[in-house]
Amino acid sequence: MKISIITVVYNNKKYLEDSIRSVKGQSHSDVEYIVVDGGSTDGSLEIIKKYDKSISKWISETDSGIYDAMNKGVALATGDIVGFLNSDDIYFSGDILNKVSKTIEDNNSDCCYGDLVYVSGDLTKTIRYWKAGSPGGGSFRKGWMPPHPAFFVGKKIFENFGSFRTDFKISADYELMLRFFERGNISASYIPEILVKMRIGGKSNRGLKNLIRKSLEDYKAWRVNGLKISPLIMLKKPFLKVGQFFKSGKI
């Protein structure tokens, strides 16, 4: 099973090499690695060129934001399965993509996902543990969603239901998965393990203002998909993550 991994980067020379080496170090035999650079000026492009032989495809050009860049990656992808690894992040071990391939093949699933840990800059300390768990009935209405960097989905699902909406600035990943699960009713398999280490500081997690903005965009995601939900439930959604901060320490 061919897996396409997409890394989007803009001026992240500090950590980009970690992400590239993480994909390069995967034991899965059929990986297509795509890097989409937004026209970096800090030396990120030189790192991409350094690993040119390990990268299947890369482009460097201006874009309209992270979700536009992700859509460029999806358009370039030719794998059966598509996943995203942020330029700050790494896979937890070298056999993650093998586990993804086996899980999807064994269960004949449209997608699979696993757990994620937010970590310190040096990757050694867990700040927050996102245990995704298995979805039950009405899971999205209860605040559930899989961690996007630990989410792997068939390319055909993008072809059937579309890519990221660029009119969303902070919650397009939520809207995409809501569309796939709630409208597309895709089948999913859960891998009950940490798949990704994510350095703390994601765009949607920076400060109270962004959390409020994200809640409003999450509510918009329901409306644009013709789905009904109380706005009060969406405002409570961030507080459901509080328990994720209690499992921390060295990893």
Side-chain angles (χ1 to χ4, degrees), residues 1-9 18-36 51 54-58 70-71 73-119 123 126 129-135 139-140 144-161 163-164 173-174 176-181 184-199 202 251:
M1 177 176 285
K2 185 176 182 179
I3 301 179
S4 297
I5 299 300
I6 299 165
T7 292
V8 168
V9 60
D18 289 347
S19 299
I20 294 175
R21 293 178 66 182
S22 178
V23 177
K24 182 176 180 289
Q26 289 296 302
S27 58
H28 189 65
S29 61
D30 198 358
V31 179
E32 176 183 58
Y33 189 33
I34 299 167
V35 178
V36 180
Y51 289 94
S54 299
I55 298 172
S56 308
K57 304 172 186 176
W58 65 268
M70 288 181 173
N71 283 342
V74 172
L76 290 171
T78 61
D80 304 294
I81 300 298
V82 176
F84 297 86
L85 187 71
N86 299 326
S87 63
D88 289 331
D89 310 336
I90 66 169
Y91 289 120
F92 192 76
S93 67
D95 64 347
I96 296 301
L97 299 186
N98 270 336
K99 291 179 180 180
V100 167
S101 176
K102 186 176 188 306
T103 298
I104 288 179
E105 285 186 325
D106 288 353
N107 296 286
N108 193 27
S109 301
D110 293 319
C111 73
C112 76
Y113 63 92
D115 299 343
L116 174 149
V117 285
Y118 288 85
V119 296
L123 302 170
T126 304
Y129 187 112
W130 188 339
K131 186 174 180 61
S134 298
S139 293
F140 269 85
W144 176 88
M145 66 175 284
H148 186 241
F151 175 68
F152 303 83
V153 63
K155 175 66 184 292
K156 65 180 181 180
I157 302 301
F158 284 99
E159 293 168 352
N160 291 340
F161 299 104
S163 296
F164 296 93
D173 51 347
Y174 177 81
L176 179 91
M177 290 187 283
L178 179 73
R179 188 186 340 136
F180 286 178
F181 278 89
N185 196 31
I186 65 172
S187 59
S189 296
Y190 171 47
I191 301 174
E193 301 177 25
I194 300 169
L195 302 188
V196 175
K197 289 184 180 183
M198 182 175 186
R199 284 186 172 94
I251 52 175

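The figures that follow rest on heavy atoms only: side chains count, while hydrogens, waters and symmetry mates do not. This chain uses plain numbering: 1 for the first residue, then up along the sequence.
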Heavy-atom distance under 4.5 Å between the side chains of [X] and [Y], does that happen here?
X    : Y    : answer
L116 : P149 : yes
Y118 : T126 : no
I81  : S101 : no
V153 : F161 : no
I6   : M70  : no
V31  : V23  : yes
K102 : K99  : no

Quick one: pull up [atom1] in [X] and [atom2] in [Y] and give me the separation to the nearest 0.5 Å.
X    : Y    : atom1 : atom2 : answer
R21  : Q26  : CZ    : CD    : 13.5 Å
R179 : I186 : CZ    : CD1   : 11.0 Å
L195 : C112 : CG    : SG    : 7.0 Å
K197 : S93  : NZ    : OG    : 10.0 Å
H28  : N98  : NE2   : CG    : 6.0 Å
Y91  : I5   : OH    : CD1   : 3.5 Å

Under the ring-ring contact (aromatic ring centres under 6.0 Å, His included) test against F84, which residue among F152, Y33, F164 passes? F164
Judged by atom type as modelled, is there a donor-acceptor pair below 3.5 Å linking the side chain of [X] to the main-chain atoms of [Y]?
X    : Y    : value
S187 : S109 : no
S189 : I104 : no
T7   : L85  : yes
W144 : A132 : yes

Quick check: closest heavy atoms across [X] and [Y], and the distance to 0.1 Å?
X    : Y    : value
V82  : A77  : CG2-CB, 4.1 Å
G79  : S4   : N-OG, 2.9 Å
F140 : M145 : CE2-CB, 3.9 Å
D18  : I90  : O-CG2, 3.6 Å

Classify the ring geometry of Y113 against F181: parallel below 30°, tilted from 30° to 60°, perpendicular beyond 60°. perpendicular
Apply salt bridge (charged side-chain N to carboxylate O under 4.0 Å, His left out) to K155 and list each qualifying residue two or more places apart in sequence or on a separate chain. none
Test of understanding: with side-chain hydrogen bond (donor to acceptor under 3.5 Å, both in side chains), list the residues that count as partners of D115, not counting sequence neighbours. Y129, Y190
K57: side-chain hydrogen bond (donor to acceptor under 3.5 Å, both in side chains) partners, not counting sequence neighbours: E32
Report the C-alpha distance between M177 and F151 in whole Å, list the side-chain angles of each, state the deciding distance to 0.1 Å, and finish with yes or no for side chain to side chain contact (heavy atoms under 4.5 Å, CB included). CA-CA 9 Å; M177 290 187 283; F151 175 68; 3.9 Å; yes
Consider side-chain contact (heavy atoms from CB on, under 4.5 Å). Of H148, R199, M198, which one does N86 pass it with? M198
